[in-house]
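Working notes, structure below.
This one's a predicted model, so the numbers in the text were calculated from it and none came from an experiment. Counting starts at 1 for both ligands and their atoms, following the listed order.
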Amino acid sequence: MKRLIKNGLVYYQGKFSQQDILIVGKRISEIAPSINKPADMVTDATGRHVFPGFIDMHVHLRDPGQTHKEDIVTGSRAAARGGFTTICCMPNTEPVVDNAATVEYIKRKANDLGSCKVMVIGALTKKSEGKQIAETAAMIKAGIVAVSDDGHCVQNAKLKLNAMKYVSSFGLAVITHAEDYNLAGKGQINAGKVSTMLGLSGMPSLAEDIIVARDILLAKSAKCRLHLAHTSTALSLQMVRVAKEQGLRVTCEVTPHHLLLTEDACIGFDTNTKVKPPLRTESDRQACITALKDGTIDFIATDHAPHSDFEKEHEFTLAPYGINGLETAFISLFDRLVLSEIIPLEFLIEKMAVKPAEFLGLNRGVIEPGKEADIVIADLTKSTKIDTDNLLSKSKNTPFLGETFRGTICETIADGKTTWKAAPCDNNAG
Ligand code: DOR
Ligand code: ZN
């Protein structure tokens, strides 16, 4: 199958220019200002932006075991709708992904029924209980790309050190969800003026900072690659900055919600703002933006954490933590950070596609001849309203419900195949 995408404004070699793209089978075969070759399908992308498919390092697919919240089919469909062509799923399922059979189950189901490439992150410890190291070698054979106890945090420094030493022997990164349980306590939101005002118990920044400091030191000692999930405080970012300056192999990510929202979003007791780590202060949010711009933060990851209505429609203290993110990530960041000129569009693409592809060592994330044909066609003049009726995820727990963002993902192509198409964007020439 040959497919030609013509006249789009293509993110190519780090900037936007008008290019035609020829896809042959699963790969990009040619890029040039004008390609006039026969093709089975020609798409006129005039007036559209064309990006490499986005890559999300941090997704909760809830499959196996919590498929009332999401499953591999709905989660990967939501990903495709958001412009993602590759996602990595976290192991806090039921059972936990701490063994080869569960890794194989996810990979097989995603391969047979999924709408994007799904890479699996295995648990660091058995059942993510922080007591015994999981069977990393067997999971690596089954194809995991990193290890993490995300959603949980190993409290025992000695065990974490041993786990890092073991994992580093395979060259994999350990991904840390930084939360000191004693300091976090039963904190519902960030500890600060809003928690005091609302009478909710608070989770202090210190609960994150102390684990970030500890794990940087442990990773240095273990000579292990450390990736910090959803960094959210000014101080943890400062520590990452220093670690990088010292040449340590430390990387980190930020979520769209920590870039766009603060603890003030919790004032209305909307349980869709309840998340770990919590939405922080405006100065933390600004620190996230600064760290994203100066390269301290390597890339953006959604931490897509779907929860059903019946779980979120509770008193704030009883609702689970988590924000649904795949379908809102790009358009919310485009609308709020690019249109307001805080970051350029090229930079957003770099942080959502190029950098995560580099982190994972994939032959994706850029539009170049020879790369896998993972391509997003977007209309950045057309707005998208976020409401419960049009989200493809099984869960609707986004704090952006009711908001309208500029930007619509018209089509997502993964490995040369269409995985999402928005009907009103139709612009086909044959
Ligand atoms: O808010 C969160 N929800 N943070 C996490 O780290 C885990 C996630 C979940 O699995 O629901
Ligand atoms: Zn987490």
Side-chain angles (χ1 to χ4, degrees), residues 56-71 75 78 87-98 106 120-125 127-130 146-155 173-181 184 186-190 200 203 207-209 211-212 215 226-233 236 251-258 261 263 265-266 270-280 300-312 314 316-326 328-329 393-399:
D56 192 349
M57 269 300 298
H58 195 142
V59 172
H60 296 274
L61 286 178
R62 310 298 193 208
D63 192 349
Q66 296 175 314
T67 51
H68 60 286
K69 297 174 195 268
E70 194 77 285
D71 61 38
I87 60 177
C88 297
C89 63
M90 283 296 177
N92 62 336
T93 48
E94 285 173 19
V96 168
V97 187
D98 62 1
I106 295 171
V120 181
I121 296 169
L124 179 67
T125 65
K127 296 187 184 172
S128 284
E129 285 177 341
V147 289
S148 179
D149 278 347
D150 183 61
H152 306 274
C153 181
V154 176
Q155 302 294 297
V174 169
I175 304 176
T176 290
H177 163 120
E179 179 185 351
D180 180 287
Y181 290 166
K186 291 198 167 64
Q188 300 294 306
I189 63 172
N190 184 48
L200 291 172
M203 232 181 294
E208 174 173 328
D209 299 338
I211 298 292
V212 168
D215 278 17
L226 171 66
H227 179 71
L228 295 155
H230 42 52
T231 41
S232 70
T233 76
S236 44
T251 51
C252 72
E253 66 192 31
V254 68
T255 70
H257 45 273
H258 289 108
L261 300 172
E263 57 184 357
C266 306
D270 176 3
T271 57
N272 291 336
T273 64
K274 180 174 172 179
V275 65
K276 275 186 182 180
L279 301 174
R280 304 279 188 190
I300 296 167
T302 65
D303 192 6
H304 176 78
H307 293 290
S308 303
D309 285 358
F310 75 87
E311 297 162 312
K312 278 288 194 180
H314 261 306
F316 205 92
T317 49
L318 297 178
Y321 301 88
I323 287 180
N324 193 304
L326 286 167
T328 52
S393 169
K394 256 189 209 179
S395 294
K396 318 293 170 187
N397 54 309
T398 160

Provide the number and element of each atom of ligand 1 under 4.0 Å from a heavy atom of [X].
{"X": "G322", "result": "1 (O), 2 (C), 3 (N)"}
{"X": "A305", "result": "3 (N), 8 (C), 9 (C), 11 (O)"}
{"X": "V275", "result": "1 (O)"}
{"X": "G151", "result": "6 (O), 7 (C)"}
{"X": "H230", "result": "6 (O)"}
{"X": "D150", "result": "6 (O)"}
{"X": "H307", "result": "11 (O)"}

Check your understanding: How are the rings of H230 and H177 set to each other: parallel, tilted or perpendicular (split at 30° and 60°)?
Key ->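 Perpendicular, since the angle between the ring planes exceeds 60°.
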Practice item. Please examine the side chains of V154 and L124, heavy atoms only from C-beta on, and report whether any two atoms are closer than 4.5 Å. Key: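 Yes, their side chains come closer than 4.5 Å.
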Check your understanding: Is T398 close to N272 at the side-chain level, that is, under 4.5 Å between some pair of heavy atoms?
Key ->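 No, their side chains stay 4.5 Å or more apart.
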Practice item. Kindly confirm whether the Zn ion (ligand 2) is within less than 2.8 Å of some N/O/S atom in H58? Key: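 No, since none of the N, O or S atoms of H58 sits under 2.8 Å from the Zn ion (ligand 2).
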Practice item. Taking the Zn ion (ligand 2) as the reference point, name the nearest N/O/S atom of H177. Key: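 Looking only at N, O and S atoms of H177, the one nearest the Zn ion (ligand 2) is named ND1.
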Point to revise | Heteroatom of D150 nearest to the Zn ion (ligand 2) (N, O or S, atom name) | key: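 It is OD1 of D150.
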Heavy atom of the protein closest to [atom] (residue, atom name, distance):
{"atom": "atom 3 (N) of ligand 1", "result": "Y321 O, 3.0 Å"}
{"atom": "atom 4 (N) of ligand 1", "result": "K276 O, 2.9 Å"}
{"atom": "atom 11 (O) of ligand 1", "result": "R62 NH2, 2.7 Å"}

Exercise for review: Among N92, D98, D149, find the residue that satisfies the side-chain hydrogen bond (donor to acceptor under 3.5 Å, both in side chains) test when tested with S128.
Suggested key: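 Of the listed options, the one satisfying the test is D149.
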Exercise for review: Applying side-chain hydrogen bond (donor to acceptor under 3.5 Å, both in side chains) between H304 and each of E70, H58, H60, report the one that passes.
Suggested key: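 Output: one option passes, namely E70.
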So does [Y] get a backbone contact from the side chain of [X], meaning a donor-acceptor N/O pair under 3.5 Å?
{"X": "K274", "Y": "F316", "value": "yes"}
{"X": "S395", "Y": "P306", "value": "no"}
{"X": "D180", "Y": "C153", "value": "no"}

Point to revise | contact_flag E179 ligand 1 heavy-atom lt 4.0 Å | key: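 Judged by the 4.0 Å heavy-atom criterion, E179 does not count as contacting ligand 1.
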**Study point:** Stepwise side chain to side chain donor-acceptor pair (under 3.5 Å) test for H307 and R62
**Key:** CA-CA 9 Å; H307 293 290; R62 310 298 193 208; 3.3 Å; yes
Check your understanding: Can you tell me how far CD1 of I300 sits from OG1 of T302, rounded to the nearest 0.5 angstrom?
Key ->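 T302 atom OG1 to I300 atom CD1 measures 10.5 Å (nearest 0.5 Å).
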Review point. Looking only at non-hydrogen atoms, which of Q66, H60, H177 approaches atom 6 (O) of ligand 1 most closely?
Key: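 Looking at heavy atoms only, H177 sits closest to atom 6 (O) of ligand 1.
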